[in-house]
Amino acid sequence: MVDNPYLAHLKPSQRGAPVAASSTNSDREPLFGFLPRKVKGEQVRKAMDHQLNPFNKQPHSAQYRKILETRKGLPVFSQMDEFLEIFSKNQIIVMVGETGSGKTTQIPQFVAYSDLPHTKGKLVACTQPRRVAAMSVAQRVADEMDVQLGKHVGYSIRFEDMTEPGTTFLKYMTDGMLLREAMNDTELLRYSTIILDEAHERTLATDILMGLLKNLARRRLDLKIIVMSATLDAVKFQSYFSLHQPGEEPSPAPLFKVPGRTFPVEVFYTQEPEPDYVEAAIRTVLMIHRAEDPGDVLLFLTGEEEIEDACRKIKLEADDLINNDPSSVGPLMCVPLYSSLPPQQQQRIFEAAPKPTQEGYPPGRKVVVSTNVAETSLTIDGIVYVVDPGFSKQKVYNPRIRVESLLVSPISRASAQQRAGRAGRTRPGKCFRLYTEKDFISELEEQTHPEILRSNLANAVLELAKLGIKDLVRFDYLDAPAPETLMRALELLNYLAALDDEGELTPLGGLMAEFPLDPQASKSLAKMLITSPEFKVSNDILTITAMLSVPNVWLRPPNQRAAADQAKALLTVPEGDHLTLLNVFNNYSQNKSDRNWAWNNFLSARALAQAENVRAQLLRTMERSEIELISVEDERKRNLGIQKALICGFFMQVAHKEGEKGSYLTVKDNQVVGLHPSCGLDAQPEWVLFNEFVLTKRPYIRTVTEIRPDWLLEFAPVYFDLSSFPDGETKRALQRIYNKKRGLPENGNGQNPPKLKKQKQKKDTS
DNA sequence: TGTGGGGTG
């Protein structure tokens, strides 16, 4: 009994109290007699039915009792005893719960009742791949536990920490957030149990966390880990997390399985492949609206633009239908859903379908047009029809040319099944697949490729290095990335001086890992911090970095393109897009009192607010590192300083003009690229630095700034060491610059070989 | 001549 810390606050006489006394104790104390991690289902159910809430000692509300009754109907609830027993006996559990099992809301609560984290000052964490999911599930569970969100139950996502230290013991969080935390506390000591939810989604962060936790479990025997997944790749997780007892064969991690509770969903396929899936999707939604019984519709499309466009068209067509025959067609409400939508508008998906236009007329219908966020993570009540064109945007990475891009690609069969399942949450439903059954069987991959196999791993490798994991090639991945991808990542980090030649994390690399940005961007920032006294532009680079890390700020409504372009021209700085971004942000800051400023200038107020947020976040990191914020008054000097500072971070993303048709060749890779049409440069400079390479109709470089080639030799001498430079026009151009530079008096006697290992003194060449 | 699925002290 005494080893139960929960009882430590009780008087000794109460601890071993006789039966009669203990019944009065349990009247006031719902968790009386609970032994951490040895709790039985019967005890939990009793505590749940208790008149007092064990966590805040308040009487349970009527709403609590109502929700509890529905919870008791969830499949996972009837297996509580089984779960608690497996939880008591094992350190690592793999759990499979199909859609509708209630795993995401119930398992963390069961764990809380058994683990009693609040009695030992610890937390139970449950990770989610998406922010919306972390927020909405936390709210739901707070309601279920009859506590205020942000108190005993909270969530933690970037920019928003809804937890109260010392009070919160159940925390939903994004997987990326837990990975960030692990960088500062590799032992994750705050947590007594970590639950990785939606593991089947195989996000980059979840995959790395699985590797870390597998390792950590050996060091921290008190840490319990639950890996939850919706589909049946459980065997893979089980063998990955298998137990190795000395002298025994490895035994797979125990499996806890809960059936789903869904209604049957009838699946329809098209007879022929659809040439235009957006058009076909709109047609199908309207067909449902005209001909099918009441019930809401969920349509999956691939991105913001496509979704907004489809919503407009559906609304227009539906209005036509209603105007033509109001007595046979009900009103239709069309709601978009994607992650970059403001949270308030995201909430609209939960609004009820519209009422009939007049009594006796057909009921209204809600149509949610969504990206993959609605595929798992988010449950929308009332969905009866799913329209699945079979596509989503997926990251693809080409390590040869080091380019990561988003490509509209066919989804996997597992994904298609998830989507269909969304139609059967509340009653039997229908799923319309806009592809043929033959394609479903023979063309779709069984599972979505794990993200770790489709990404540029530079960031992940840097994070792992910060976590103290040195042998990245032999890190225990569930699916090991291609060696070339790892090599490219290591090579990039070495060029950026984040890793030294032995692969050890440098102090600069450590600083870079602190910033929640891509290595390129964090490098430019970190390097700028170190060289800021020289360029005196840390304040400006900070702003530019923030602007580069948020979505596009320029709005260009289809019917006001000319006006938008005009507004943009007024803010454009001819030397380069980076300076333009700085100018936009500064103007935005100066016009904070004018609430319509962003709108009047065709700028996204939300993206600018986000940039402000990121800037503040980065500023805090700078302050922690005690680095000064500097800016120079003189605009010409400042712009030059910024251009030079940019080179320190982006020297690998430089292109040289080639011929007269406006095409450029990227340095070393020799890719032929064009300036993106959004580029604001007034001429076509010989040498440019770019933020990103995009592959759309043609290969483009986007966010481009003019530079001087001698700065490349000056600020990135190792990368631009001509003796190791591939032959070509770029090298010849650089050689000319070098020869010219060698003739200059400040560069010595002209006897140096073309190898600029170290610059003694960097002088302002302006 | 025209873009971002999801995530990050």
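Protein chains get the first letters and strands the later ones, always in sequence-line order, with residue 1 at the start of each.
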Exercise. Given B:dT8, B:dG2, B:dG6, which nucleotide is nearest the side-chain atoms of A:E451?
Worked result: B:dG6
For this session: Specify the separation, in whole Å, of atom CG of A:N184 and atom C1' of B:dT8.
Result: 12 Å
Exercise. With a non-hydrogen cut-off below 4.0 angstrom, is A:Y700 in contact with a base, only sugar-phosphate, or nothing?
Worked result: sugar-phosphate
Exercise. Does B:dG4 sit syn or anti, given that only angles within 90° of 0 count as syn?
Worked result: syn
For this session: Identify which nucleotide among B:dG6, B:dT8, B:dT3 has an atom closest to any side-chain atom of A:M177, counting heavy atoms from C-beta outward.
Result: B:dT8
Problem set entry | Nucleotide nearest A:P516 (side chain, heavy atoms from C-beta), chosen from B:dT3, B:dG6, B:dG9 | B:dG9
Exercise. Between B:dG2, B:dG6, B:dG9, which one does the side chain of A:R556 approach most closely?
Worked result: B:dG2
For this session: Measure the distance from NZ on A:K395 to C1' on B:dG4 and round it to the nearest whole Å.
Result: 11 Å
Problem set entry | Candidates B:dG9, B:dT3, B:dG6 - which lies nearest the side chain of A:R702 | B:dT3
Exercise. According to the interplanar angle, ranging from 0 to 90°, do the rings of A:F650 and A:H578 count as parallel (below 30°), tilted (30 to 60°) or perpendicular (above 60°)?
Worked result: tilted
For this session: Could you tell me whether A:S392 contacts a base, only the sugar-phosphate backbone, or nothing, with contacts defined as non-hydrogen atoms closer than 4.0 Å?
Result: nothing
For this session: Using only side-chain N and O atoms of A:S339, determine if any of them is under 4.0 Å from OP1 or OP2 of B:dG4.
Result: no
Problem set entry | Whole angstrom value for the distance that separates P of B:dT3 from CG of A:D309 | 14 Å
Problem set entry | Sugar-phosphate, base or nothing in reach of A:T621, heavy atoms under 4.0 Å | nothing
Exercise. Under 4.0 Å between a side-chain N or O of A:T174 and OP1 or OP2 of B:dG7?
Worked result: no
Exercise. How would you label the contact of A:E514 with the nucleic acid (heavy atoms, under 4.0 Å): base, sugar-phosphate, or nothing?
Worked result: sugar-phosphate
Exercise. Should A:R131 be listed as having a side-chain N or O under 4.0 Å from OP1 or OP2 of B:dT8?
Worked result: yes
For this session: Identify whether any heavy atom of A:I157 sits under 4.0 Å from a base atom; if not, whether one sits that close to sugar-phosphate; answer base, sugar-phosphate or nothing.
Result: sugar-phosphate
Exercise. Just checking A:R698: base, sugar-phosphate only, or nothing, at a heavy-atom cut-off of under 4.0 Å?
Worked result: nothing
Exercise. So what does A:V408 hit on the nucleic acid, given a heavy-atom distance under 4.0 Å: a base, only sugar-phosphate, or nothing?
Worked result: nothing
For this session: Using a heavy-atom cut-off of under 4.0 Å over every strand shown, decide if A:R130 touches base, sugar-phosphate, or nothing.
Result: sugar-phosphate
For this session: Under the side-chain hydrogen bond (donor to acceptor under 3.5 Å, both in side chains) rule, what do A:R615 and A:T543 come out as? Steps first, then yes or no, please.
Result: CA-CA 6 Å; A:R615 193 181 188 281; A:T543 303; 2.8 Å; yes
Problem set entry | Evaluation steps, ring pair (Phe, Tyr, Trp, His ring centres under 6.0 Å), between A:Y277 and A:F391 | CA-CA 9 Å; A:Y277 69 86; A:F391 293 96; 4.7 Å; yes
Problem set entry | Side chains of A:E160 and A:Y155, donor plus acceptor under 3.5 Å | yes
Seminar exercise, completed: Per atom distances to the A:N552 side chain, the nearest of B:dT3, B:dG7, B:dG6 is B:dT3
